[in-house]
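One structure below.
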Number of protein chains: 2
Amino acid sequence: MELLEVIKSLSNETRLNILKWLKDPYAHFPKEELSEEALELGVCVSDIAKKAGMSVPTVSDYLKTMAVANILIATRRGQWTYYKRNEQLLQELAMHIKNVL
Amino acid sequence: MELLEVIKSLSNETRLNILKWLKDPYAHFPKEELSEEALELGVCVSDIAKKAGMSVPTVSDYLKTMAVANILIATRRGQWTYYKRNEQLLQELAMHIKNVL
DNA sequence: TGCAAATTTAGGGAATTACCTAAATGCCTA
DNA sequence: TAGGCATTTAGGTAATTCCCTAAATTTGCA
């Protein structure tokens, strides 16, 4: 885990919000927007952009940044890219801060 | 704890290094530089600036930023300002990431 | 094949951050 | 109270980040 890269990817209000929304998609996105596999795959770019009130390209880039930092996991399904949290890395991050930092 | 403020104050390599150095001052600063109370008070601005290889004003500002975010605790003693880690806040941060984020 | 929808890439202006030097302030001691 | 040392404040340039629109790409489907 590249600590600085992870921290930087979290150092923006919108990106931090996205991470929180993805913790419980059903609580933060309209049900009809979520794929049946929402829990497994996550939420697609345009739905996240709508929720964030920002342009699709901006949010697409945010999501990519977080995926590169390994905080999110991307899955391409047809024309959609779904993003979900990488819970393992988040737990690693917490442990790292607790014990190493 | 203002999560975004805390994360931002950690989103810089030098500031992250400072935090690590302050975890064990005796391992990272020359003994003769450390006050007898180093463990209690922390390390002064100019010693940290020297270790970081950066100008004193820049480091002074970094330290102040981290203190405002409550990651560091500042103690003024005569003409020196000592900085040490706020271990409690760091544990809070770890728990927050583990359970809330 | 060819259009439509979702996403990504490119390119750019505005805002913020990084980090410096010079000047100002605070505190000690002769 | 003057001079010296540590720190902070001011002010500025360069680099990075924010976040947009336009264009290109990818994929599904009639």
Side-chain angles (χ1 to χ4, degrees), chain A residues 2 4-19 22 29-30 32-38 41-69 71-84, chain B residues 2 4-19 22 25 29-30 32-35 37-38 41-69 71-84:
Chain A
E2 199 56 59
L4 184 57
E5 185 185 29
V6 168
I7 288 176
K8 281 189 172 179
S9 83
L10 294 177
S11 67
N12 169 282
E13 186 162 21
T14 301
R15 290 194 297 267
L16 214 45
N17 281 333
I18 291 172
L19 197 63
L22 291 180
F29 296 90
E32 60 275 17
E33 275 180 4
L34 298 172
S35 76
E36 289 173 24
E37 317 147 300
L41 298 179
V43 182
C44 72
V45 176
S46 47
D47 290 347
I48 297 174
K50 188 192 298 173
K51 171 78 178 174
M54 299 185 73
S55 75
V56 168
T58 295
V59 170
S60 171
D61 188 56
Y62 281 174
L63 293 168
K64 186 176 187 177
T65 299
M66 290 192 277
V68 167
I71 281 188
L72 296 184
I73 295 168
T75 310
R76 182 91 189 196
R77 266 286 206 287
Q79 48 199 150
W80 292 274
T81 304
Y82 296 94
Y83 283 93
K84 66 175 174 185
Chain B
E2 200 56 58
L4 183 58
E5 184 185 30
V6 168
I7 288 176
K8 280 189 171 177
S9 83
L10 294 177
S11 67
N12 168 282
E13 185 161 23
T14 300
R15 290 195 298 266
L16 215 44
N17 281 333
I18 290 171
L19 197 64
L22 291 179
F29 297 91
E32 58 277 19
E33 275 179 5
L34 297 173
S35 77
E37 316 148 299
L41 298 180
V43 182
C44 71
V45 176
S46 47
D47 290 346
I48 297 173
K50 187 191 300 174
K51 172 78 178 174
M54 299 185 74
S55 75
V56 168
T58 295
V59 171
S60 171
D61 188 56
Y62 281 175
L63 294 168
K64 187 176 186 175
T65 298
M66 290 192 275
V68 167
I71 279 188
L72 297 183
I73 295 169
T75 308
R76 181 89 189 199
R77 266 287 206 287
Q79 46 200 149
W80 292 275
T81 305
Y82 296 94
Y83 284 92
K84 66 175 174 185

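So you know, we letter chains A, B, ... as the sequences are listed, proteins then strands, and number each from 1.
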Holding to side-chain hydrogen bond (donor to acceptor under 3.5 Å, both in side chains), I want the full list of residues that pass it with [X], two or more places apart in sequence or in another chain.
X	result
B/E33	B/K50
B/S55	B/T58
B/T75	none

C/dC20 phosphate, OP1 or OP2, under 4.0 Å from B/T58 side-chain N/O: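 Looking at the OP1 and OP2 atoms of C/dC20, one of them is under 4.0 Å from a side-chain N or O of B/T58.
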I need the minimum non-hydrogen distance between A/D47 and A/F29, along with the two atoms involved.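 For A/D47 versus A/F29, the nearest heavy atoms are O-CE2, 3.7 Å.
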DNA chain D contacts among residues 5-17 of chain B, heavy-atom distance under 4.0 Å: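 Those residues: none at all.
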Interatomic distance, A/R77 CZ vs C/dT7 C1' [rounded to whole Å]: 17 Å
Rounded distance (Å) that lies between atom P of C/dT17 and atom CE of B/M66: 15 Å
Check whether A/R15 reaches the backbone of A/K8 with its side chain - one donor and one acceptor, N or O, closer than 3.5 Å.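 Such a contact is found between A/R15 side chain and A/K8 backbone.
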Keeping to residues at least two apart or across chains, list the salt bridge (Lys or Arg N to Asp or Glu O under 4.0 Å) pairs with something in residues 71-82 of chain B.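 Applying salt bridge (Lys or Arg N to Asp or Glu O under 4.0 Å) to every pair that reaches into residues 71-82 of chain B, excluding sequence neighbours, yields B/E37-B/R77.
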Answer with base, sugar-phosphate or nothing: what part of the nucleic acid does A/Y82 contact at a heavy-atom distance below 4.0 Å? nothing
Return the set of residues passing side chain to side chain contact (heavy atoms under 4.5 Å, CB included) with [X] (not counting sequence neighbours), or none when no residue passes.
X	result
A/E2	A/E5
B/A49	B/V56, B/V59
A/L19	A/L10, A/I71, A/L72, A/R85, A/L90, B/L101

5′-ward residue of the pair A/R76/B/V56 relative to DNA chain D: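 Here B/V56 is the residue nearer the 5' end.
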Need to verify one output field. Residue with the more 5' nearest nucleotide on DNA chain D, A/Q79 or A/D61?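 Looking at DNA chain D, the more 5' nearest nucleotide goes with A/D61.
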Nearest 0.5 Å please: distance from the CD1 atom of B/I7 over to the CG atom of A/L16.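 It is 5.0 Å, given to the nearest 0.5 Å.
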Nucleotide range of DNA chain D contacted by chain A, 5' to 3', under 4.0 Å to a heavy atom?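 Reading along DNA chain D, I get D/dT17 to D/dG28.
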Tell me, which of residues 47-55 of chain A have any heavy atom that sits under 4.0 Å from an atom in DNA chain C?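 Listed by number, there are none.
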